[in-house]
Amino acid sequence: MRWSRIFIPTLRENPATAEATSHRLLLRAGYIRQLTAGVYSYLPLAQRVLLKITDIIREEMNRIGAQEFLLPALNPAEVWKESGRWEVMGENMFRLKDRKGADLCLGMTHEEVFTAIARDEIRSYKQLPQIWYQIQTKFRDEARPKSGILRVREFIMKDSYSFDVDWEGLDKAFEAHREAYCRIYDRCGLKYLVVEASSGAMGGSQSSEFMVISDAGEDWVVFCASCGYAANIEKATSRLADIVDESGPAAPEEFPTPGVRTIEDLTTFPGGASADRQIKTLVYMLDNRPHIVLLRGDHQLNETKLTDATAAKSLRPAHPEEIKSLLGAFPGSLGAVGVDHLPVIADYAIYGRRNMTTGANRDDFHLRGVDVERDIKVTKWADLRNVASGERCLQCNAALNVSKAIEVGHIFKLGTRYSESMGATVLTAEGKEVPIVMGSYGIGVGRIMASAVELYNDEDGICWPVSIAPFEVVITPANFAEPMQQEAAVNLYKELSATGVDVLLDDRDERPGVKFKDADLIGIPFRLTIGKKLKDGKVELFERKTRSSTELDLDVAVRQVRLSLAAAYERSTN
RNA sequence: CGGGGAGUAGCGUAGCCUGGUAACGCGCACGGUUUGGGACCGUGAGAUCGGAGGUUCAAAUCCUCUCUCCCCGACCA
């Protein structure tokens, strides 16, 4: 491909509205353009990257015996009503009506449609197992699209679904996917973690997410560098440092705390207590019924853990007025001592604690000397708190890290949730009718692209891993109008192309500086520079990532480029 | 949905407070000089200032409504 003929609208300045690094660079380097909030056009360079990624995905999916489909993005309401998700998906689903007034939606995911096919066509255990996948556009009406192509309303996803007669079969399909996903992310050159994830309200027994550590991410992951433990913060647990409480009074003592509203306030208030000696009292509406939630003062509630622990379908913090009428005080002076008219869900971290301080359910008053076991009627103990950085790993006792991450993939054991609601069953060898056991597995294709940019960039632009770069090599003659340079450049271009190398020839009538800057910006891994030394039979090979260059004899240049490429591929898969 | 910010030429911005008929840099076109890290000189094209309504002799500027985008939060099988 000649640069003069491919559409690469690079921007000299940073776009004003782009905050995230990947957003800024993909825009500036001419990969993407925004159409509207959360909807992007992929320009030729981006399309080349996406194709490289999807080629890798296809190879690895096919390797585990998966079969590629292409399902409709436009779905009738019926299948979604059958599974019950027409209601569950709520505002996040794009809905529309056709000319006859029938309800339709744009697919957010494809459990329903694939399950409908399985239900209609698969009768016998002999037709199983199956792994079906597609690479297709999904639509989700996100409340807040953000960070360029990281969180969008229309996006490309590889989604696959496994169908088995039994759970052992599902375990195999799940494991096959886990391994395939690792190969895919390895080959794309990403650094990632496989983390335990919350199964959520959708049932199922196990799920893992594939996470790229990045500040641009929206999830938090907890991981242990020494033993490899890794989990989404919605699932992660840790060991806390032991606290020895001295015994307190025989009964809680009320004391005035005028103006104290927060845990922090009480730590500095005379007669108060440090945060880890306080009990934090929250009131939540779980399926519209009030519950008290207790945590140690310095701990944060994780709402997903609360949802998982209570199997609640809906959850929200109670409003101050609701709290006042339930407990007699506003937030800031709440406690669970003596409360027996509301369920109390408490985090394990306050189990057995003594001589604690908490609100008195009387505005501007607190209680000290609270023994949890003696004074509070806990109806349910659960793990509710967010793990914090520096807490100890349960497996090996090393300090845990907590980092932001981009979710690039999610594999999920669904079980029979969809096959049961939609009636997808098979006959077993014994002639018994059983629901098909399913798994569902997703990869965000655009997120792989964005993650690679987040991971590999510098002040000059993007530094793509070779395997997903739009071109592997760019040939840059300092002056293309100069006949010697032109001839050498065109010959190298032809020879490299002939050996299957993806090469871009910068044939533009631009000054060398412009060509170098553009090549760096768009992030081509290798640049063959042809300049003044050509008269001595020399060209230069520049590696984008390391900014190192080596002088090559013209006649070995093709061989050397291919060796360097091979080495770069080798590195990215290790 | 709550809070904050912004819409002026293809891009980045100034002008707005204190109304007087749109400016600068980059990019673009043409001519010339240049050619190893975003060249220089000259000439030129390009904006009814997001939209609608209002105030005024006069509105990018003041008022009202509205649309869109960005950021923080809520939300996110």
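Numbered from 1 within each chain, the chains take letters A, B, ... in sequence-line order. Everything numeric here is computed off the predicted structure, so don't read it as measured data.
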message = So for atom CZ, which belongs to A:R5, do other residues, nucleotides or ligands contribute more than 12 heavy atoms lying within a distance under 6.0 Å?
response =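 Check fails, neighbour count at 12 or below.
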inquiry  = Heavy-atom count check: over 12 atoms from other residues, nucleotides or ligands less than 6.0 Å from A:K324 NZ?
reply    =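 Correct, the count exceeds 12.
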Atom [atom1] of [X] to atom [atom2] of [N]: distance rounded to whole Å?
X: A:E91; N: B:C1; atom1: CD; atom2: C1'; result: 9 Å
X: A:R316; N: B:G2; atom1: CZ; atom2: C1'; result: 16 Å
X: A:R144; N: B:G4; atom1: CZ; atom2: C1'; result: 11 Å
X: A:R153; N: B:U68; atom1: CZ; atom2: C1'; result: 11 Å
X: A:E19; N: B:G73; atom1: CD; atom2: P; result: 12 Å

key: Listed once per pair and sorted, the salt bridge (charged side-chain N to carboxylate O under 4.0 Å, His left out) pairs that draw on residues 68-77 of chain A, sequence neighbours left out   =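 As it turns out, the salt bridge (charged side-chain N to carboxylate O under 4.0 Å, His left out) pairs with a partner in residues 68-77 of chain A, which skip direct neighbours, are A:R58-A:E68.
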query = Relative to the ring of A:Y441, is the ring of A:F174 parallel (under 30°), tilted (30 to 60°) or perpendicular (over 60°)?
reply =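 Rings of A:F174 and A:Y441: tilted, 30 to 60°.
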Nucleotide opposite [N] in a Watson-Crick or G-U pair, distances under 3.5 Å:
N: B:G73; value: B:C1
N: B:A6; value: B:U68
N: B:U56; value: none
N: B:C28; value: B:G44
N: B:U18; value: none
N: B:A23; value: B:U13

Distance between [atom1] atoms of [N] and [M] (Å, rounded):
N: B:G5; M: B:A77; atom1: P; value: 32 Å
N: B:G20; M: B:A59; atom1: C1'; value: 10 Å
N: B:C57; M: B:A14; atom1: P; value: 32 Å

Name the nucleic acid region contacted by [X], choosing base, sugar-phosphate or nothing; use a 4.0 angstrom heavy-atom cut-off, strictly under.
X: A:A16; answer: sugar-phosphate
X: A:S147; answer: sugar-phosphate
X: A:E303; answer: sugar-phosphate

query = In a check of side-chain contact (heavy atoms from CB on, under 4.5 Å) between A:L295 and each of A:L384, A:I345, A:I263, which one passes?
reply =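 Of the listed residues A:L384, A:I345, A:I263, the side-chain contact (heavy atoms from CB on, under 4.5 Å) partner of A:L295 is A:L384.
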Name the atoms and distances for all side-chain donor-acceptor pairs under 3.5 Å in residues 32-39 of chain A, with sequence neighbours left out.
unit_1, atom_1, unit_2, atom_2, d
A:R33, NH1, A:L27, O, 2.8
A:R33, NH2, A:P9, O, 2.8
A:Q34, NE2, A:Y40, OH, 3.3

ask   = A:R28 and A:N14: side-chain hydrogen bond (donor to acceptor under 3.5 Å, both in side chains), yes or no, with the steps?
value = CA-CA 6 Å; A:R28 186 138 106 87; A:N14 278 321; 3.0 Å; yes
message = Quick check for you: among B:U68, B:C76, B:A77, whose closest atom lies nearest to any side-chain atom of A:R151?
response =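 Within the option list, the nearest is B:C76.
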task = Name the closest nucleotide to the A:E13 side chain, picking from B:C76, B:C26, B:A77.
result =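 Per side-chain heavy atoms of A:E13, the pick is B:C26.
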A:D219 bridged to A:K404 by N-O distance under 4.0 Å =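 A salt bridge is absent here (no side-chain N lies under 4.0 Å from a carboxylate O).
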Quick test: give all pairs of protein nitrogen or oxygen and nucleotides 31-39 of chain B nitrogen or oxygen below 3.5 Å, distance rounded to 0.1 Å.
unit_1, atom_1, unit_2, atom_2, d
B:U34, O2, A:R511, NH1, 2.7
B:G36, OP2, A:K532, NZ, 2.8
B:G36, O6, A:G531, N, 3.1
B:G36, N1, A:E540, OE1, 3.4
B:G36, N2, A:E540, OE1, 2.9
B:G36, N2, A:E540, OE2, 3.0
B:G37, O6, A:R527, NH1, 3.3
B:G37, O6, A:R527, NH2, 3.0
B:G37, N1, A:D520, OD2, 3.0
B:G37, N2, A:D520, OD2, 2.1
B:G38, O2', A:R12, NH1, 2.3
B:G38, O6, A:R28, NH1, 3.4
B:G38, N1, A:D518, OD1, 3.3
B:G38, N2, A:D518, OD1, 3.1
B:G38, N2, A:D518, OD2, 3.4
B:A39, O4', A:R511, NE, 3.4

